[in-house]
**Student:** 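This structure is in structure tokens; I'll ask about it shortly.
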Amino acid sequence: LGGADNLTFDGTDVKVGAADADAKLLFRDSGIFLNSSTNGQLDIDADGEIEMASAKLDVDMSSDFDIQGGAESTVKTTAGALLLDGGEGVTIKEGGTAVITIDTNRDVLFGSTGGSTSDPDVEFDGYVRFDGTAEFDGAVQCDAGFTANGDVDLGNATSGTITATG
């Protein structure tokens, strides 16, 4: 093993390497190994894939976590819902820019990217239902007609008049 301190067993614990940061526990070849490259850190390295198969994967951390993929990545479940729960809100980013934020008041905020009518910031393709009050702080454009099944309040018109054409 190259020295008495490289692999030790005291009856309870197995120790790989002395104070040498290059000490590794290899599996099959030098591309698959466990080691500790710095104090307080465990490295799991594979030159192919790391597969974990279990009924449940429970990861507890006292700080944040970071998952980075070098290509398109997928997070999915084959049964039930995929839940994302942020203690102080949730933000979805694209290219480093927040595009959807759910704040601590449970307001859903869509990031403005300077969209236009040909490339809107938010687009609904199909049926949209608002149960409650919908407030628009800008112009509203309806390209295929407008139907109201109740009262329509057109108050606060700046000119004091309403013009209908067509």
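What you are looking at is a predicted structure, and each value in this text was computed from that prediction instead of being measured.
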**Student:** Is Asp107 atom CG crowded by more than 12 heavy atoms from other residues, nucleotides or ligands, each under 6.0 Å away?
**Tutor:** yes
**Student:** Can you give me the closest heavy-atom contact between Asn35 and Lys24, atom names plus distance?
**Tutor:**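 Of all heavy-atom pairs spanning Asn35 and Lys24, the closest is CB-CG, 3.7 Å.
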**Student:** Over all heavy atoms of both residues, which pair between Asp58 and Asp60 is shortest? Give the atoms and the distance, please.
**Tutor:**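 Residues Asp58 and Asp60, closest heavy atoms: OD1-OD1, 3.3 Å.
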**Student:** In terms of hydrophobic clustering (I, L, V, M, F, W, Y; side-chain heavy atoms under 4.5 Å; direct or indirect links), are Tyr127 and Phe130 co-clustered?
**Tutor:**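 No, no single cluster joins them.
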**Student:** On a heavy-atom basis, which atom in Ser36 and which in Gln41 lie closest, and how many Å separate them?
**Tutor:**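 Looking at all heavy atoms of both residues, the shortest contact is OG-O, 2.7 Å.
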**Student:** Is there a path of hydrophobic side-chain contacts, each under 4.5 Å between heavy atoms of I/L/V/M/F/W/Y residues, joining Leu109 to Val99?
**Tutor:**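 Not linked; separate clusters.
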**Student:** Is any side-chain heavy atom of Val90 closer than 4.5 Å to one of Asp103?
**Tutor:**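 Heavy-atom side-chain distance check fails, nothing below 4.5 Å.
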**Student:** Does atom CD1 of Ile44 have more than 12 heavy-atom neighbours, drawn from other residues, nucleotides or ligands, at distances under 6.0 Å?
**Tutor:**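 No, CD1 of Ile44 has 12 or fewer neighbouring heavy atoms, counting only those of other groups under 6.0 Å.
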**Student:** Might you point out which heavy atoms bring Ile100 and Val108 nearest each other, and give the distance in Å?
**Tutor:** CG2-CG1, 4.2 Å
**Student:** Can you name the side chain to side chain donor-acceptor pair (under 3.5 Å) partners of Asp131, sequence neighbours left out?
**Tutor:** Arg129
**Student:** So, using side chain to side chain donor-acceptor pair (under 3.5 Å) as the criterion, who are the partners of Asp45 when residues are at least two apart?
**Tutor:** none
**Student:** Is there a donor-acceptor pair closer than 3.5 Å between any side-chain N or O of Ser73 and the backbone N or O of Ala71?
**Tutor:** yes
**Student:** Are the side chains of Asp64 and Asp66 in contact, using a 4.5 Å heavy-atom criterion?
**Tutor:**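 No, their side chains stay 4.5 Å or more apart.
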**Student:** Linking I/L/V/M/F/W/Y whenever their side-chain heavy atoms sit closer than 4.5 Å, directly or via other members, would Phe110 and Val128 fall into one cluster?
**Tutor:** yes
**Student:** For the hydrophobic clusters of this structure (ILVMFWY residues joined by side-chain heavy atoms under 4.5 Å, transitively), does one cluster hold both Leu83 and Val75?
**Tutor:** no
**Student:** Just verifying a value: how many Å separate Ile50 CD1 and Ile32 CD1, rounded to the nearest 0.5 Å?
**Tutor:** 9.0 Å
**Student:** With a sphere of 6.0 Å drawn around CG of Asp85, does it hold more than 12 non-hydrogen atoms of other residues, nucleotides or ligands?
**Tutor:**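 Counting other residues, nucleotides and ligands, CG of Asp85 stays at 12 neighbours or fewer.
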**Student:** What do you reckon, is CE of Met61 surrounded by more than 12 foreign heavy atoms closer than 6.0 Å?
**Tutor:** yes
**Student:** Do you know the tightest heavy-atom contact between Ser37 and Asp43?
**Tutor:** OG-OD2, 2.5 Å
**Student:** Step through the shown structure and confirm whether more than 12 heavy atoms of other residues, nucleotides or ligands are within 6.0 Å of CD on Glu94.
**Tutor:**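 Count not over threshold, so no.
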**Student:** Which atoms form the tightest heavy-atom contact between Phe27 and Phe33, and what is the distance?
**Tutor:** CD1-CA, 4.3 Å
**Student:** Any chain of hydrophobic side-chain contacts (each under 4.5 Å) joining Phe65 to Leu57?
**Tutor:**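 Yes, same cluster.
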